[in-house]
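These numbers come from the heavy atoms of this one structure, side chains and all, not from hydrogens, waters or symmetry mates. Note that the numbering runs from 1 along the sequence shown for the chain.
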Amino acid sequence: MAMALVAFGIHLGMRALTDNSFFTHLATGRLILDSGSVPSQDPYSFTAHGDPWTVQSWGASVLYAAGESVGGLGLVRLLITALIAGLVMLVWRLTAPAESLVARLALSAFVLTIGSVFWNERPLLFGLVGLALVLLASEDGLDPRWLVPVMWLWVNSHGSFPFAVLVLGLLAIGRRLDGESPSVELRAAKWCIVGILLAMVNPIGPRLLLFPATLLEKKETFALIVEWRAPTWTSWDQQLFAVQVLLAVVIVVWRSRSWRAVLPLVVFGALAATSLRNIPPASLVVVPAMATGLAGLGSIDGRERTPVARLGTVAMGALCLILLIGGLLQPHTDLRGYPVEEAAWMRDNDLLDLESRVLTRDTVGNFFEARYGPDVVRVFIDDRVDMYPPALVADYAELVNERSDDIYADISRKYEPTAVLWQSDTPFGEWIESSPRWNVVHEGEDWLVAIPTKSPNDPDGP
């Protein structure tokens with residue numbers, strides 16, 4: 001059955017590249033490979049150009065760009081697929097204490113179904129693999145010395161690495177409260193910390209370890225971003241996670257009654273309740289406790305290797321190969337939702353170049369960075385909210401949300417734009433179409449392009 005789960009993971013991994021954040025990571029990796037150094041200042045925007053920038057995910061960016069350089073975006077997709085398939089296998093390993101095939105499949109299904117929304121080409125994937133390996137080491141299923149290279153890569157790829165220390169600390173405290181020696185957890189924590197300290201040896205230096213603290217310093221800014229807000233529990237993936245947590249509570253209370261199971265569940269459940277971004281790691285963390293609590297239930301042993309199971313493994317292996325080949329034959333990117341044609345029109349009409357100041361969505365900024373690069377186009381904003389001035393992020397949030405005409409006018413005048421590229425069916429897009437300060441010069445199916453009716457420097461201009 002593990003191979004069937006891997007096939008599902010390959011299906012997820014071979015989806016076309018479409019994530020806006022990935023585009024900036026890819027563009028940054030290209031810059032690093034071209035220059036031989038990691039940028040320390042913003043090269044992309046006209047609103048914060050030259051401002052200090054900590055490229056926390058430089059390791060993932062380099063891997064993306066190196067993969068593209070060697071084998072094109074197809075190789076990048078294979079890298080993403082390998083990470084997701086590996087994560088699937090780790091989830092299956094973490095369910096081993098449940099023993100029962102049905103229980104293991106059910107636990108895996110929760111994580112993988114939730115993961116189908118969150119597991120994509122973002123560097124978070126490196127962090128989730130690292131977290132799964134840390135959890136495996138805490139269950140004495142992995143030599144903890146492997147955590148040294150794991151943590152080095154995690155620290156240099158994604159800012160979620162403090163979760164490793166947090167979960168190991170909670171497990172160790174829980175084990176002690178249960179009256180047992182936390183020797184396994186402490187040994188894993190020791191090698192984990194060694195890996196984190198060695199991660200200071202990197203192109204950015206020790207300040208890379210301090211990056212997560214910047215998120216706390218800018219918590220008000222991050223509160224403006226949807227993925228950093230608390231879940232609304234209205235989407236199916238959030239509701240499924242809520243069900244997973246409720247089942248975990250029932251299992252822990254009914255079967256485990258262990259502090260080692262309770263503490264991670266409470267803390268990571270609370271973290272997930274405060275931010276959407278914390279749902280994927282929380283979904284992973286609760287798996288070992290649920291698996292332990294389900295031990296002894298069910299009659300079909302998930303570890304058995306019957307002839308039928310071996311035949312199924314071969315069939316699933318063939319399916320995995322078909323999914324890989326079929327995926328590579330499909331387009332590597334899915335740019336639906338991005339203004340591809342409108343951007344090309346703007347380039348042809350000299351409205352999108354190095355001197356242009358185009359107001360547009362943050363996702364479009366990410367797309368421009370990968371499509372054109374900072375030597376061709378500068379962007380208004382992208383999704384690196386940890387770098388931009390809080391006032392800029394707040395202004396952008398005002399444009400995205402439905403506000404008054406005066407607010408739209410003040411913000412659009414403030415940044416002296418030479419053009420606007422925005423969705424026509426949004427409040428700001430509708431304001432642009434109706435405003436005498438703007439002239440719509442091109443309109444596609446979803447996006448419009450507008451230029452000022454007067455010079456941005458004119459007191460009566462936009």
Looking at R357, is its backbone amide N or carbonyl O close enough to the side chain of T418 to form a donor-acceptor pair, meaning the two atoms are under 3.5 Å apart?
yes
Any chance CZ of R347 has more than 12 other-residue heavy atoms, nucleotides or ligands included, within less than 6.0 Å?
yes
Got a sec, which residues hit side-chain hydrogen bond (donor to acceptor under 3.5 Å, both in side chains) with D405, two or more places apart in sequence or on another chain?
none
Out of curiosity, H332 NE2 to T18 OG1, how far, rounded to the nearest 0.5 Å?
14.5 Å
Would the number of heavy atoms belonging to other residues, nucleotides or ligands and lying under 6.0 Å from CZ of R122 be above 12?
yes
Flag side-chain contact, heavy atom, 4.5 Å: S116 against F8
yes
Donor-acceptor pair, distance only, cut-off 3.5 Å: does the side chain of Q239 make one with the backbone of W233?
yes
Side chains of S160 and W154: any donor to acceptor distance under 3.5 Å?
yes
Spacing of CZ belonging to F380 relative to OG1 belonging to T47, to within rounding of 0.5 Å:
6.5 Å
Listed by chain and number, what are the side-chain hydrogen bond (donor to acceptor under 3.5 Å, both in side chains) partners of N366, not counting sequence neighbours?
N20, T24, D383
Taking S61's backbone N and O only, do any of them form a donor-acceptor pair with T28's side chain (distance below 3.5 Å, no angle check)?
no
One thing to verify: whether R384 and D42 come together as a salt bridge, which I'm taking to mean a side-chain N less than 4.0 angstrom from a carboxylate O.
yes
W146 atom CH2: more than 12 heavy-atom contacts under 6.0 Å
no
Looking only at atom types and distance, does a side-chain atom of Y396 sit under 3.5 Å from a main-chain N or O of D362, one as donor and one as acceptor?
yes
Take a 6.0 Å sphere around CD of E341 and say whether it holds more than 12 heavy atoms from other residues, nucleotides or ligands.
no
How long is the straight-line distance from CZ of R336 back to OG1 of T333, given to the nearest 0.5 Å?
10.5 Å
Check: S108 side chain, L105 main-chain N or O, donor-acceptor pair, under 3.5 Å:
no
Parallel, tilted or perpendicular: which one describes the rings of W431 and F428, with boundaries at 30° and 60°?
parallel
Option among L79, L87, N120 that satisfies the side-chain contact (heavy atoms from CB on, under 4.5 Å) test with L125
L87
Classify the angle between the aromatic ring planes of W345 and H442 as parallel (below 30°), tilted (30 to 60°) or perpendicular (above 60°).
parallel
Would I204 and R207 count as a side chain to side chain contact (heavy atoms under 4.5 Å, CB included) if you check the C-alpha gap in whole Å, the side-chain angles of each, and the deciding distance to 0.1 Å?
CA-CA 7 Å; I204 298 176; R207 74 175 185 272; 3.5 Å; yes
With rounding to the nearest 0.5 Å, note down the distance linking CZ in R104 to CG in L5.
9.5 Å
Could you tell me whether a side-chain N or O of S57 sits under 3.5 Å from a main-chain N or O of A60, the two making a donor and an acceptor?
no
Ring centroids only, cut at 6.0 angstrom: are Y44 and F368 within range, meaning strictly under it?
no
Any luck finding a side-chain donor-acceptor pair between Q238 and S235 under 3.5 Å?
yes
Steps toward side chain to side chain contact (heavy atoms under 4.5 Å, CB included) verdict (R15, D334):
CA-CA 9 Å; R15 291 178 295 188; D334 179 2; over 6 Å; no
Would you check if I32 and P39 make a side-chain contact, meaning some heavy-atom pair closer than 4.5 Å?
yes
Rounded at 0.5 Å granularity, tell me how far CZ in F161 sits from CD in Q56.
6.5 Å
Test side chain to side chain contact (heavy atoms under 4.5 Å, CB included) on R378 and V358 and set out the steps.
CA-CA 8 Å; R378 298 273 168 81; V358 180; over 6 Å; no
Quick test of your reading of the model: are R77 and E121 salt-bridged, counting only N-O distances below 4.0 Å?
no
Considering only NZ, NE, NH1 and NH2 on the basic side and carboxylate oxygens on the acidic side, decide whether K414 and D395 come within less than 4.0 Å.
yes
Has S283 got a side-chain atom pairing as donor or acceptor with I279's backbone, closer than 3.5 angstrom?
no
Does some side-chain heavy atom of V379 sit less than 4.5 Å from a side-chain heavy atom of T360?
no
Treating S356 as the side-chain partner and D353 as the backbone partner, does any N or O pair qualify as donor plus acceptor under 3.5 Å?
yes
Do E433 and S424 have side-chain N/O donor and acceptor atoms under 3.5 Å apart?
no
I would like to know whether F163 and F268 meet side chain to side chain contact (heavy atoms under 4.5 Å, CB included); could you show each step before the answer?
CA-CA 9 Å; F163 281 156; F268 277 84; 3.8 Å; yes
To the nearest 0.5 angstrom, please state how far the CH2 atom of W152 sits from the CG atom of L198.
10.0 Å
Short question: side chain of N349, backbone of M346 - any donor-acceptor pair under 3.5 Å?
no
Can you see whether Y388 engages D51 through a side-chain donor-acceptor pair at a distance of less than 3.5 angstrom?
no
Donor-acceptor contact present, side-chain R30 to main-chain A370, <3.5 Å:
yes
